[in-house]
Amino acid sequence: MGLEIKLKDKAPVDVDANSISTLDALKELGVKGMENIVAVKVDDRLYDLSCEINSSATIDPVRINSAEGIDIMRHSTSHVMAMAVKELFPGVKVTIGPSIENGFYYDFDYERPFKEDDLPAIEEKMNEIIKQDLPFAREELSSSEAIELFGKQGENYKVEIIEDLGAENVSLYTQGSFSDLCRGPHIPSTGRIKAFKLTKVAGAYWRGDEKRAMLSRIYGVAFSDNKELRSYLQKLEEAKKRDHVKLGKQLDLFSTHEEIGAGMIVWHPKGYMLRHLIEQYEINEHFKRGYDMVKGPEILKTDLWQKSGHFDNYRENMYFTEIDNQSYGIKPMNCLSHMLIYKSKLRSYRDLPIRYFELGLVHRHERSGVLHGLSRVREFTQDDAHILCTPEQLGEEIKGVLTFVKDVMGIFNFEYELEISTRPEKSIGSDEDWERATSSLINAMEDLSLKYDINEGDGAFYGPKIDIKLRDALDRSWQCATVQCDFTLPDRFDLSFIDQEGQKQRPVMIHRVILGSIERFIGILIEHYAGAFPLWIAPVQARILTVTERNDEHAEYLLKSLKEAGFRAEADLRNEKLGLKVREAQLQKIPYMLVIGDREAEQGGVTPRLRNGKNLAFMSTDEIIQHLKEEERQRR
RNA sequence: GCCAGCAUAGCUCAGAUGGUAGAGCAACUGAUUUGUAAUCAGUGGGUCGGGGGUUCGAUUCCCUCUGCUGGCUCCA
């Protein structure tokens with residue numbers, strides 16, 4: 001009696017034994033390049049390379065350059081780091097250390113937090129461990145044995161993990177003197193780690209709970225070889241050049257000021273122009289799609305925020321002010337005014353859906369540590385709308401919003417991710433309402449064939465929602481558009497409409513934004529285009545560059561013509577060399593540099609230079625205006 | 001809010017074991033009239049983020065506040 005082993009999609013091979021290690025099995029199967037294999041899949045489950053199989057199986061080698069292989073190597077690297085840290089800092093307690101995108105981290109509890117200065121020594125120690133090529137050995141033991149083992153070492157976090165697991169047995173991985181509780185699998189030995197770098201330290205709460213211990217986290221990146229690592233680090237450097245805070249300064253778009261306060265943006269002429277153009281585009285899109293534009297006040301009586309539930313649920317994030325013994329809350333959301341407009345008269349089912357749109361300025365007192373450039377601020381403008389509709393209309397309205405999102409993101413060439421969040425534990429409303437709203441959201445995405453993730457239990461307390469996320473230059477994802485169903489506020493504010501039978505009914509409310517926060521969206525937009533905005537939103541579309549003072553007259557004529565044709569143009573008439581003028585316009589990423597020398601002045605036109613360095617052929621004044629109009633119309 | 005790092009001229013950055021600072025660009029003045037990523041010369045410019053402490057003396061060391069960056073938590 002023996003085993004039958006096979007590679008995926010290959011003919012089986014008979015083995016004359018009752019069990020065989022996967023390592024031998026792979027050799028038996030004639031697999032090449034063993035040095036790249038870090039683990040195996042047996043019948044589609046991941047195992048250590050050295051594990052034993054004792055029944056017939058399909059074996060699939062996992063190589064270090066595969067997604068699964070690199071993930072395993074990164075995880076193992078975190079174990080190596082933990083070992084290094086334990087050797088260098090006696091008394092340190094280990095907690096968890098998973099692999100993450102591009103690398104890994106490990107959380108430690110030590111008498112003091114780790115500093116960036118500690119990293120070189122840790123890296124050096126890790127390199128020693130890697131050089132020793134210590135094998136990763138797996139063993140299983142009972143939970144009680146494991147608790148005793150870790151308890152003796154004073155590793156109380158590990159004990160807590162095992163206790164919470166509640167499993168009968170747990171597995172332990174040991175390399176050299178270091179053992180860690182771990183499910184695995186791991187690479188065969190530490191020598192398989194070829195390229196890693198510790199990148200940063202950070203604080204992190206034990207189990208992500210801010211009421212529990214603050215641990216010290218060390219992050220690292222790891223790749224299958226040095227070339228990959230270098231190219232990753234280089235890409236990171238490139239991405240930093242797109243940073244919207246940096247570009248915002250270079251392109252003179254906006255600023256922040258210590259003396260004004262954190263999280264408050266001051267828009268400079270060019271930045272405000274960019275913002276204005278985006279807002280203008282959006283306003284028109286809303287009118288086209290049957291929205292009415294409205295505007296509510298910035299401060300509303302605190303009583304009203306109490307009625308809406310914001311005071312109870314959101315007070316810590318709100319700003320308040322008091323006038324004549326009357327407390328007012330500065331709005332963190334725009335819905336209340338919109339509901340009062342709805343309530344201002346009796347509504348019929350014939351009026352629905354009603355869609356109120358506002359470029360609503362809101363203030364939210366975000367915690368200081370979360371502020372970030374334009375992406376997370378305390379004062380921002382939402383392209384906010386509230387749709388009031390009958391329960392039957394809900395599905396179509398959601399589809400309308402998602403289509404709106406798709407169209408707008410398409411204009412800017414954005415890829416985005418959708419995520420639906422379902423009913424949380426703490427929530428209000430009937431099961432029926434939740435069920436209907438959730439399925440409306442899902443059906444809308446299905447009907448539009450959109451891909452989405454499900455985030456169980458992460459909805460708002462008043463209803464489920466779809467979030468749309470965009471990524472910044474450093475690949476961090478930010479929530480932009482959101483569609484939320486709400487049955488609570490219509491209830492609290494007793495909103496109603498008269499149905500076909502003459503009966504009062506409750507409308508459903510959809511909260512939605514398309515760009516989300518205009519500030520955040522522009523931040524991502526800056527990084528998306530690296531500051532080189534397409535013509536239709538470029539704050540300055542064209543700059544006229546003269547060669548000598550003799551050309552001033554023609555330059556001024558051209559400037560006037562461009563402005564009259566509606567273009568955002570300026571002229572650089574300084575007594576400077578053309579090379580300098582080109583350089584400066586280039587650094588400002590202006591789409592069109594219109595060069596005027598004696599030749600152009602004589603012929604009454606320009607030689608356009610694009611910011612990609614290309615020159616276009618001579619154009620007359622009329623021709624360049626037509627050329628720009630065409631490009632602007634195409635929103636390129 | 002928590003952990004770590006940072007804060008020097010308008011900008012980008014040097015600098016000193018504690019003895020009050022420097023470059024390039026920008027600005028200003030002058031010369032130059034110039035053809036596709038920096039023409040040359042000269043001049044002015046800083047309470048070294050704010051406050052407090054240690055010290056004969058603090059921009060440098062300590063504390064604290066403010067702001068920024070990277071994480072954590074948060075984002076009804």
Side-chain angles (χ1 to χ4, degrees), chain A residues 105 107 112-119 199-219 240 243 245-246 249-250 252 255-264 305 308-318 332-333 335 364-373 375-376 424 426-428 458-463 465 467 474 476 478-479 482 484 486 488-489 511 516-517 520 545-552 573-588 593-600 607-611 613-615:
Chain A
Y105 69 78
D107 285 346
R112 63 161 175 87
F114 291 115
K115 295 179 289 193
E116 246 156 70
D117 295 346
D118 296 325
L119 300 185
T199 50
K200 57 198 172 193
V201 294
Y205 298 105
W206 170 233
R207 302 232 141 150
D209 183 345
E210 67 176 325
K211 295 196 177 60
R212 306 193 67 175
M214 170 61 73
L215 306 171
S216 192
R217 174 173 300 178
I218 301 176
Y219 282 95
K240 279 184 190 159
D243 175 16
V245 178
K246 208 167 179 170
K249 188 170 251 173
Q250 280 167 17
D252 197 14
S255 58
T256 55
H257 301 264
E258 203 179 313
E259 49 277 60
I260 286 178
M264 312 281 184
W305 296 112
S308 69
H310 288 98
F311 189 82
D312 289 337
N313 288 302
Y314 203 65
R315 188 179 3 179
E316 318 74 57
N317 284 309
M318 284 180 68
M333 286 129 195
C335 20
R364 300 181 182 179
H365 188 86
E366 303 287 359
R367 299 217 260 177
S368 61
V370 306
L371 299 174
H372 173 80
S375 311
R376 192 82 181 264
K426 233 182 87 184
S427 58
I428 45 181
D458 208 32
F461 73 88
Y462 51 72
K465 59 175 182 172
D467 289 331
L474 288 175
R476 291 174 293 207
W478 295 93
Q479 183 194 309
T482 174
Q484 311 184 345
D486 185 354
T488 307
L489 282 177
H511 306 248
S517 144
R520 172 179 294 178
L545 312 180
T546 52
V547 177
T548 91
E549 270 173 12
R550 291 192 298 280
N551 314 130
D552 285 4
L573 305 181
R574 292 174 305 164
N575 173 14
E576 295 286 356
K577 288 190 164 174
L578 185 59
L580 180 89
K581 295 185 182 185
V582 167
R583 177 183 155 79
E584 289 185 356
Q586 191 76 45
L587 289 173
Q588 287 299 305
M593 285 156 258
L594 305 178
V595 175
I596 295 183
D598 291 338
R599 289 203 297 273
E600 288 80 6
T607 303
R609 180 193 207 269
L610 306 179
R611 61 191 156 184
K614 274 194 199 134
N615 268 344

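Hydrogens, waters and symmetry mates play no part in the numbers below; they use all other heavy atoms, side chains included. Protein chains get the first letters and strands the later ones, always in sequence-line order, with residue 1 at the start of each.
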Using a strict cut-off of less than 4.0 Å between a Lys/Arg side-chain nitrogen and an Asp/Glu carboxylate oxygen, indicate whether A:E210 and A:R367 qualify as a salt bridge.
-> yes

*Take atom P in B:rA23 and the same atom in B:rG15, then report the distance between them in whole Å.*
15 Å

From the candidates B:rG35, B:rG67, B:rG1, the one with an atom nearest any side-chain atom of A:A262 is B:rG67

B:rA21 -> Watson-Crick or G-U wobble partner, both distances under 3.5 Å, gives none

Between NE2 of A:H372 and P of B:rG70 the distance, given in whole Å, is 5 Å

When the aromatic ring centroids of A:Y462 and A:H511 are compared, is their separation below 6.0 Å? yes

Rounded to whole Å, the CD1-C1' distance (A:I596 to B:rU36) equals 14 Å

ask   = A:H372 vs A:W478 aromatic rings, parallel, tilted or perpendicular, using cut-offs 30° and 60°?
value = parallel

Taken in chain and number order and not counting sequence neighbours, the residues that satisfy side-chain hydrogen bond (donor to acceptor under 3.5 Å, both in side chains) with A:S216 are none

Next on the checklist: Could you check whether any side-chain N or O of A:Q588 sits under 3.5 Å from a backbone N or O of A:Q250, counting only pairs where one atom can act as donor and the other as acceptor?
Outcome noted: yes

Ranking B:rA37, B:rC74, B:rG70 by distance to the side chain of A:L587, first place goes to B:rA37

What does A:T199 touch in the nucleic acid at a heavy-atom separation under 4.0 angstrom: a base, only the sugar-phosphate, or nothing? nothing

Looking only at B:rC2, B:rU66, B:rG35, the nucleotide nearest the A:E600 side chain is B:rG35

With hydrogens left out and only the distance checked, is there a donor-acceptor pair under 3.5 Å joining A:Y205's side chain and the base of B:rG1? yes

Notebook entry, point to check: Under 4.0 angstrom, heavy atoms only, what part of the nucleic acid is A:G613 near: base, sugar-phosphate, or nothing?
Noted result: nothing

Between A:K465 and A:D467, is the closest basic N to carboxylate O distance under 4.0 Å?
yes

Taken to the nearest whole Å, CD/A:E584 to C1'/B:rU39 is 13 Å

On RNA chain B, more 5' by nearest nucleotide between A:Y314 and A:V245 is A:V245

Taking the six-membered ring of A:Y205 as reference, does the NZ or CZ atom of A:R212 fall below 6.0 Å from its centre and within a 45° cone about the axis? no

Winner on side-chain proximity to A:R609, out of B:rG35, B:rA37, B:rC3, is B:rA37

Fill in: Inter-nucleotide C1' distance (B:rC74, B:rC65), Å rounded
24 Å

**OP:** Report which part of the nucleic acid A:R476 touches: base, sugar-phosphate, or nothing (heavy-atom distance under 4.0 Å, all strands).
**Re:** sugar-phosphate

Ordered by number, residues from residues 209-219 of chain A within less than 4.0 Å of RNA chain B (heavy atoms) are A:E210, A:M214, A:R217, A:Y219

Distance between P atoms of B:rC75 and B:rU66 (Å, rounded): 23 Å

query = If you measure from the P atom in B:rC68 to the same atom in B:rA31, how many Å do you get, rounded?
reply = 46 Å

Regarding A:R609 and A:Q586, do their side chains bring together a donor and an acceptor under 3.5 Å, going by distance alone?
yes

How far, in whole Å, is B:rG53 from B:rG46 if one measures between their C1' atoms? 25 Å

Gap in Å between the two P atoms, one belonging to B:rA26 and one to B:rU12, rounded = 15 Å

Does A:R550 get its side chain close enough to the base of B:rU33, under 3.5 Å, for a donor-acceptor pair?
no

Checklist line | Whole-angstrom distance between B:rG49 and B:rG67, as gauged at atom C1' | finding: 8 Å

Problem - Separation of the C1' atoms in B:rC11 and B:rA16, to the nearest angstrom - result: 24 Å

Quick note, A:K115 side chain, CB onward, closest among B:rG35, B:rU39, B:rG5 is B:rG5

note: A:F114, atom CZ; B:rC2, atom C1'; distance rounded to Å ~ 17 Å

Result for 5'-nearest mapping on RNA chain B, choosing between A:L474 and A:Q484, is A:L474

